[in-house]
Amino acid sequence: MSQAGHRATAAPRFMPDKRTAPEISRLTAEKRPAVRNAVLFVVALCLLLLTIQVSDGWRARKERLAEVAVATTNMSHALAAQAESAVRVVDTVLAGVVERVETDGMKGAGRPRLQLHLKNMVTEVDELHGLFVFGPDGHWLMTSQDRIPLYTVDDREYFQYHVRNPDRFVHVGKPVRSRSNGEWVLPVSRRLNNPDGTFGGVALGTIRIDYFSTLYKTFDVGSNGVIMLTLDDGTLVYRLPHNEKLIGTDISNGPVHKMYRSLGPAGTAMLRSKIDGIERLYSYRHLETYPLIVATAQSKHAILEKWLKSMLGQALITLVAIALLLYFGRRLVRQIVIRDHLEHELVQARELLQEHNRALTVLADHDGLTGIANRRRFEEALDVEFARTSRSGAPLSLLMFDVDYFKRYNDTYGHVAGDACLRQVAQALKDSLVRPADLAARYGGEEFVALLPDTDPAGARMVAERFRQAVMALDIPHAGNGAGIVTISAGVYTSSAATAADSATALVERADALLYQAKQSGRNQVCGGDLAAP
């Protein structure tokens with residue numbers, strides 16, 4: 001009912017003066033839209049300003065992060081290429097050393113030439129810290145240094161790797177501290193074989209960790225930025241800012257390696273460091289040939305610092321504009337608002353009446369115990385749906401259910417438990433119906449019905465069986481039932497159109513007869529009828 005209608009109906013109750021009633025109605029009609037429109041205008045304008053501010057700020061933030069992501073990705077690609085080149089140079093030199101040792105040996109005239117070759121390579125190749133040849137027992141056979149140390153290297157990881165692995169591929173080992181001069185170096189090694197294929201020793205080339213430090217310091221990653229070089233297994237080779245204590249530590253559980261295991265050879269993401277707890281935008285890349293990963297990152301704070309300052313300035317201006325709008329808008333609304341107590345009372349009375357009507361509707365159409373539709377509501381719906389199926393010829397299915405041995409259940413467990421059982425069964429029936437047009441109702445006592453428009457026999461049986469299984473799944477104990485739990489029996493009947501023999505009452509009777517047949521056949525089952533002939 002419209003507000004005007006409520007006013008016309010309620011007017012005698014308040015009995016205002018006949019001359020003032022039209023004036024009140026006129027003022028209400030004129031002032032209420034003005035108040036609403038003024039409020040909507042002010043709110044919409046404030047929301048528009050906020051939306052523009054948030055949208056522009058979010059867009060600028062995304063653009064800033066995307067811009068830095070491209071920069072860090074390009075930087076990681078460049079660093080990976082440089083690391084690849086450095087290791088490849090050492091690998092190439094090592095391959096030549098292996099070929100000379102295995103072909104010419106280290107005795108006779110070939111030894112001085114090989115010794116000179118090692119020294120020349122270290123002098124000419126910036127990446128090289130040293131070149132060494134070790135025998136199968138780990139003793140030094142040749143070195144690019146001036147003297148041959150007396151200690152052995154058979155305890156080094158790279159040496160043990162080649163002892164265990166017969167392959168001839170290059171091996172990039174864990175960083176170690178050189179025993180000759182104390183420097184941190186990255187070992188790159190190859191296996192030497194005897195003529196019979198047995199282990200003949202190791203050819204080793206080392207790269208100074210300081211080489212990566214000198215190289216990475218030329219890249220600007222901002223305040224709290226990071227550049228890392230790690231092995232595939234998570235061993236840290238170098239990290240900028242440099243901390244010698246971190247060399248050789250295991251960071252396999254860190255965010256970069258987790259991202260690597262998830263995304264593959266390259267990736268970019270905002271992650272929080274496990275070393276210092278700073279959130280950064282990381283980009284990493286795995287070297288194409290060697291088991292190394294290069295990662296570069298800029299701190300989120302540094303990336304968004306300028307953006308944040310700009311956004312705070314714009315936000316302050318926007319907030320001032322919104323405050324002015326709200327202030328003048330409030331004054332405007334206060335000037336046009338007329339406190340119409342009569343209308344307020346009428347609205348309250350209307351709402352109260354509507355609430356009472358809703359409560360009465362619920363009481364009239366729903367079963368007080370189970371909360372689903374009652375028999376009255378079911379019979380109304382049945383008449384409507386039967387008339388509709390009579391016109392359209394669409395199938396209409398009716399399901400009737402009965403709780404098996406419910407009297408025994410009440411006698412055994414009491415009526416309070418019986419009521420609780422019926423509520424659970426009703427809820428299971430309601431949950432078994434998935435379409436809004438389907439209706440579940442309590443027909444009487446322990447008997448329930450379900451009305452399924454546009455449902456053929458197969459579909460109706462499927463719904464009935466789903467409900468039967470749902471009741472069994474409740475697992476309600478029932479000592480008086482052979483199954484040991486509460487079960488139901490069901491009768492399912494489907495009609496396609498009204499015939500001379502068919503009516504809404506006949507539909508109920510046939511479904512009830514099929515329910516009786518299900519109970520006579522042993523209960524806890526569904527018994528269905530064929531589609532009626534048109």
Side-chain angles (χ1 to χ4, degrees), residues 1 352-392 394-404 406-407 409-410 415-416 418-455 459-460 463-464 466-468 470-471 486 488-499 501-516 518-519 526 529 532:
M1 182 182 294
L352 182 61
L353 179 60
Q354 289 176 341
E355 184 64 29
H356 288 167
N357 288 339
R358 284 193 292 268
L360 290 174
T361 301
V362 171
L363 291 175
D365 292 345
H366 288 75
D367 178 59
L369 175 64
T370 62
I372 63 175
N374 57 18
R375 182 167 178 171
R376 173 182 173 277
R377 175 72 184 91
F378 161 72
E379 289 176 346
E380 290 178 352
L382 177 62
D383 290 339
V384 172
E385 293 298 336
F386 192 83
R388 189 177 67 84
T389 197
S390 299
R391 295 189 301 270
S392 66
L396 175 65
S397 293
L398 177 63
L399 286 59
M400 298 197 74
F401 308 95
D402 190 281
V403 179
D404 296 330
F406 186 70
K407 184 179 183 305
Y409 186 91
N410 271 339
H415 289 283
V416 174
D419 291 346
C421 173
L422 290 178
R423 282 192 290 268
Q424 293 184 68
V425 170
Q427 186 61 46
L429 172 58
K430 185 178 179 181
D431 293 343
S432 299
L433 304 181
V434 297
R435 300 184 309 171
D438 298 339
L439 177 68
R442 184 183 179 193
Y443 197 69
E446 70 275 16
E447 200 167 15
F448 298 88
V449 292
L451 190 62
L452 310 179
D454 298 321
T455 305
V463 173
R466 183 165 64 222
F467 175 45
R468 187 185 70 83
V471 172
V486 170
I488 62 164
S489 300
V492 180
Y493 183 75
T494 301
S495 177
S496 65
T499 66
D502 271 349
S503 64
T505 303
L507 185 61
V508 175
E509 290 174 349
R510 293 179 186 182
D512 188 53
L514 291 168
L515 170 60
Y516 180 76
K519 295 173 67 173
V526 176

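Remember, it's a predicted structure, so these values are computed and weren't measured experimentally. The chain is numbered in sequence order, starting from 1.
Here the closest non-hydrogen pair linking Met400 and Leu515 is O-CD1, 3.8 Å. Of all non-hydrogen atoms in Ser495 and Leu507, the two that sit nearest each other are CB-CD1, 4.0 Å. Scanning both residues, Phe448 and Ala426, for their nearest heavy atoms gives CE2-CB, 3.9 Å. The shortest heavy-atom contact between Ala460 and Leu452 is CA-CD1, 4.1 Å. Between Pro395 and Thr494, the shortest heavy-atom distance links the atoms CB-CG2, 3.9 Å. Annotation for Ala518 and Ser489: closest pair CB-CB, 4.2 Å, computed over non-hydrogen atoms.
With a 4.5 Å cut-off on side-chain heavy atoms, Val526 and Phe467 do not count as touching. Side-chain contact check for Asp419 versus Arg423: some heavy-atom pair is nearer than 4.5 Å. Contact of the Leu433 side chain with the Val463 side chain is registered, since non-hydrogen atoms from C-beta on lie closer than 4.5 Å. Side-chain atoms of Arg435 and Asp454, non-hydrogen and from C-beta on, do get closer than 4.5 Å to each other. Here the side chains of Asp438 and Leu451 are not in contact, with every heavy-atom distance at 4.5 Å or above. Contact of the Asp512 side chain with the Glu509 side chain is not registered, since no non-hydrogen atoms from C-beta on lie closer than 4.5 Å.
Remark: Lys430 engages no residue in a salt bridge (charged side-chain N to carboxylate O under 4.0 Å, His left out) (not counting sequence neighbours). Under the rule for a side chain to side chain donor-acceptor pair (under 3.5 Å), the partners of Thr370 that lie at least two apart in sequence or sit in another chain are Asp367. When the salt bridge (charged side-chain N to carboxylate O under 4.0 Å, His left out) test is applied to Arg375, the partners found at least two apart in sequence or on another chain are Glu379. For Glu385, the salt bridge (charged side-chain N to carboxylate O under 4.0 Å, His left out) criterion is met by Arg388, not counting sequence neighbours. Legend: residues meeting ring-ring contact (aromatic ring centres under 6.0 Å, His included) with Tyr443, ordered by chain and number and at least two apart, are Phe378. In terms of the salt bridge (charged side-chain N to carboxylate O under 4.0 Å, His left out) criterion, Arg377 has no residue partners (sequence neighbours excluded).
The CZ atom of Phe401 lies 5.5 Å from the CD1 atom of Ile488; values are rounded to the nearest 0.5 Å. For the atom pair CD of Glu446 and CZ of Phe406, the computed distance is 6.5 Å after rounding to the nearest 0.5 Å. For the atom pair Asp402 CG and Glu447 CD, the distance stands at 5.5 Å (nearest 0.5 Å). Separating the CG atom in Asp404 from the CZ atom in Arg468 is a distance of 10.0 Å, to the nearest 0.5 Å. Note: Leu429 CG to Arg466 CZ = 10.5 Å, rounded to the nearest 0.5 Å.
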Full working for side chain to side chain contact (heavy atoms under 4.5 Å, CB included) between Val471 and Val486: CA-CA 7 Å; Val471 172; Val486 170; 4.2 Å; yes
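Counting only distance, with no hydrogens or angles, the side chain of Ser397 and the backbone of Thr455 share a donor-acceptor pair below 3.5 Å.
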